[in-house]
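Comments concern the structure below.
The chains referred to below are lettered A, B, ... by the order of the sequence lines, with proteins before strands, and numbering in each begins at 1. What you see is a predicted model, and the numbers here were worked out from it, not measured in a lab. Both backbone and side-chain heavy atoms feed into the values below; hydrogens, waters and symmetry mates do not.
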Number of protein chains: 2
Amino acid sequence: MRVTIADVARRARVSKATVSRVLNNRGEVDAGTAVRVREVIAATGYTPSAGAVGLARGRTQTVGVLVPHLTCPWMGDVLQGVSDVLEAHGYGLLLHTMNRGADSVTRFTRHVSGNAFDGLLLVEPPDPLSCLTGLRESGFPVVVVDDGDDGDGDGDGDHPGFPSVATSNRAGATAAATHLLATGRTRPVVIPGPAALGRTRARTEGFRTPFTAAGHPTPHHVEADPTRAGGRTAITALLAENHEFDSVFTHNDLTAAGVLDALHEAHVDVPTQVAVIGFDDIDLAAHTQPPLTTVRRPSREMGEAAATILLANLAGAPFPTTPEIIPTELIVRASAP
Amino acid sequence: MRVTIADVARRARVSKATVSRVLNNRGEVDAGTAVRVREVIAATGYTPSAGAVGLARGRTQTVGVLVPHLTCPWMGDVLQGVSDVLEAHGYGLLLHTMNRGADSVTRFTRHVSGNAFDGLLLVEPPDPLSCLTGLRESGFPVVVVDDGDDGDGDGDGDHPGFPSVATSNRAGATAAATHLLATGRTRPVVIPGPAALGRTRARTEGFRTPFTAAGHPTPHHVEADPTRAGGRTAITALLAENHEFDSVFTHNDLTAAGVLDALHEAHVDVPTQVAVIGFDDIDLAAHTQPPLTTVRRPSREMGEAAATILLANLAGAPFPTTPEIIPTELIVRASAP
DNA sequence: GTGAAAGCGCTAACAA
DNA sequence: TTGTTAGCGCTTTCAC
């Protein structure tokens, strides 16, 4: 049988209340008594039951994390950032996936209303997560990670009104464009991400700005699946129709890798004939042929920031009113030196 | 204020016990009463408090998962497998990392003895996890995922005695060797993983067997960090000393990618001059130049299997006495056709 | 400084 | 079939 607070109290010849005081460092205990209690605790190896403490205190010291799925390249980084911060503060991390569709959401909702955690981190939530608004109104602490914010600080991401952490999508894309212009590229092709996402808009606009500002036409856009095959197909088609371009900017690295494939097959040299820049800086980016210049998205730092904000709120601090923006960084490699 | 079982009972004009019966489908309730109770539940949006249920029942419907860290390529797959199974059975997943060293372990241990979860999944535990033995003796349900088992079914992984899920490390390496032999390679170089791991032994032996069986000498071994840079350095050194070899087998894909780098730099053609086979089949493997032949390790399936075994045990079934082996699969790509 | 007692929200005998 | 009564293990007034 587990050793309970009552066992400790009996052996230390005090009341449960006193043991509780010692446990929670409520100074109002006689030094000698405290020592005695601590000895018994050590001797019995007593650990408070998380569930009982939670029930009595009304807080579980646990944070829920809802992610779309676990298999995309940067999710591990986000989670690691979250996990590090949570653990450092003694919080547990209850992980939920939306991988199994509607059923997943139902289960998740039950967990939420079952008070299984004190706060919630929403990673890359798909556009209209209906249960969200309910949560928000009920005052449940929620932080959105990587909302589709443009990163210019005015909080117009996909879930306005929620405290959130985002990256500088717009500025990152602008940096890519500026880099291309600085190296003499004037006719880029852009392969954007899903049109529904705020970050796609932000990256599109951020990329266009320097070009139009320099008097160049709006960059040519091409649709493609956000996969390696998608990028490859798109560029192959473009080459077939003899479209002229001297550079490609994709909204994700996987697509960029496909672009490199297509160019390679068509014997178009990278970077001399065409420069390529991706977005995200996933592991693969450093390993393509040639290595990919890309806009790094600070996944881990975003996870850390989100967890920090949530924990601060649980500790009584108000949520920040504007999104916290973690800056992107242009990683220059051989595909666009 | 949250709506509690007492609120529901009052509004349905029954006792809390009856509500509880309806909640848990204890058939012994009058149909009419049950309907009335359900109506009130629906009307109030009542959800049982997870903590209170856990305390009363002595079970939390939550499983702990301890992973070394979240950033390695296959961890997401393992977790996705675990998560899918757990969610499908209504279990929560409490995630712990050992990323922050000793402190992590301490926190984790507290969670364990705090009864925060009903069972535990240990993913790739480092060799001697001291708290493990204590757990085991106390009868706490633990399943080890990817123990360093050789996969030949005799249960001699790094943590013998624990129920576990592993992959066919030995057979996978044998398949790689057989493939090389079948394509005329007789002088391989092997870059093994960390010597302390059981799977390194298993893969080493599995690879050697076909060669010695065919009358060839034991393959040449070269030490290297399990990173891309490690593989590159190792092969560069080997080339510098004019060591003759016609193929390379590495215990992980990252190292293999480094090997490809080194060969490319030295203008050694792959696969005509040297064939290369890796292990794991991480995303990168399909994207190297040339694409990497590798032994796929079924990460996600391992996660699913481990969760299934644990849940079965929590439901009353005994643990299997031998490790569950999910087979590897040789993925043939251009680096060793 | 310390203890008694009343919950936290639920389940599970035991009666009725 | 249903209600009553104890807990589960802890925190927290409120007295002393």
request  = Tell me whether the OP1 or OP2 atom of C/dG3 has a side-chain N or O from A/Ser15 closer than 4.0 Å.
outcome  = yes
ask   = Given atom NZ of A/Lys16 and atom P of C/dA4, what is their separation to the nearest angstrom?
value = 10 Å
message = So does B/Val29 get a backbone contact from the side chain of B/Arg21, meaning a donor-acceptor N/O pair under 3.5 Å?
response = no
inquiry  = Mind checking if A/Arg26 touches a base, just sugar-phosphate, or nothing, with heavy atoms under 4.0 Å?
reply    = sugar-phosphate
ask   = Which residue lies toward the 5' end of DNA chain D, B/Leu55 or A/Thr18, if each is placed at its nearest nucleotide?
value = B/Leu55
task = Please state how far atom CG in B/Asp7 lies from atom C1' in C/dC10, giving the value in whole angstrom units.
result = 13 Å
ask   = Checking all strands, does B/Asn115 fall into the base, sugar-phosphate, or nothing category for heavy-atom contacts under 4.0 angstrom?
value = nothing
message = Please tell me whether A/Asn24 and A/Arg57 have a donor and an acceptor in their side chains that are separated by less than 3.5 angstrom.
response = yes
inquiry  = Taking only side-chain N and O atoms of B/Thr33, does any of them lie within less than 4.0 angstrom of OP1 or OP2 on D/dT2?
reply    = yes
task = Check every strand shown and say whether B/Ser49 touches a base, only sugar-phosphate, or nothing at a heavy-atom separation below 4.0 Å.
result = sugar-phosphate
request  = Indicate whether the side chain of B/Thr60 and that of B/Asp118 have a donor and an acceptor atom separated by less than 3.5 Å.
outcome  = yes
inquiry  = Tell me whether A/Thr4 contacts the main-chain N or O of A/Ala6 through its side chain, where contact means a donor paired with an acceptor under 3.5 Å.
reply    = yes
message = Within the 4.0 Å heavy-atom criterion, would you say B/Val14 contacts the bases, only the backbone, or no part of the nucleic acid?
response = sugar-phosphate
key: Polar side-chain contact B/Arg21-D/dG3 base: donor and acceptor under 3.5 Å   = yes
key: Value in whole Å for how far the P atom of C/dA4 lies from CD1 of A/Ile5   = 14 Å
task = When you get a sec, tell me which of D/dC10, C/dC10, D/dT2 is the closest nucleotide to the side chain of A/Tyr46?
result = D/dC10
Upstream residue (5' side of DNA chain D) when A/Arg57 and B/Ala17 are each assigned their closest nucleotide = B/Ala17
inquiry  = Nearest to the A/Ser20 side chain among C/dG3, C/dC10, D/dT11, which nucleotide is it?
reply    = D/dT11
request  = Round to the nearest Å and state the distance from B/Leu23 atom CG to C/dA12 atom C1'.
outcome  = 14 Å
ask   = Counting only N and O atoms by type, is there a donor-acceptor contact under 3.5 Å from the side chain of A/Gln80 to the main-chain atoms of B/Leu70?
value = yes
task = Return the value, rounded to whole Å, for the distance between atom CG of B/Asn24 and atom C1' of C/dG9.
result = 13 Å
ask   = Between A/Arg10 (CZ) and C/dG3 (P), how many Å, whole number?
value = 14 Å
request  = Check the distance between C/dA4's C1' and A/Arg13's CZ and give it to me in whole angstrom.
outcome  = 18 Å
query = To the nearest Å, how far apart are B/Glu28 CD and D/dG3 P?
reply = 13 Å
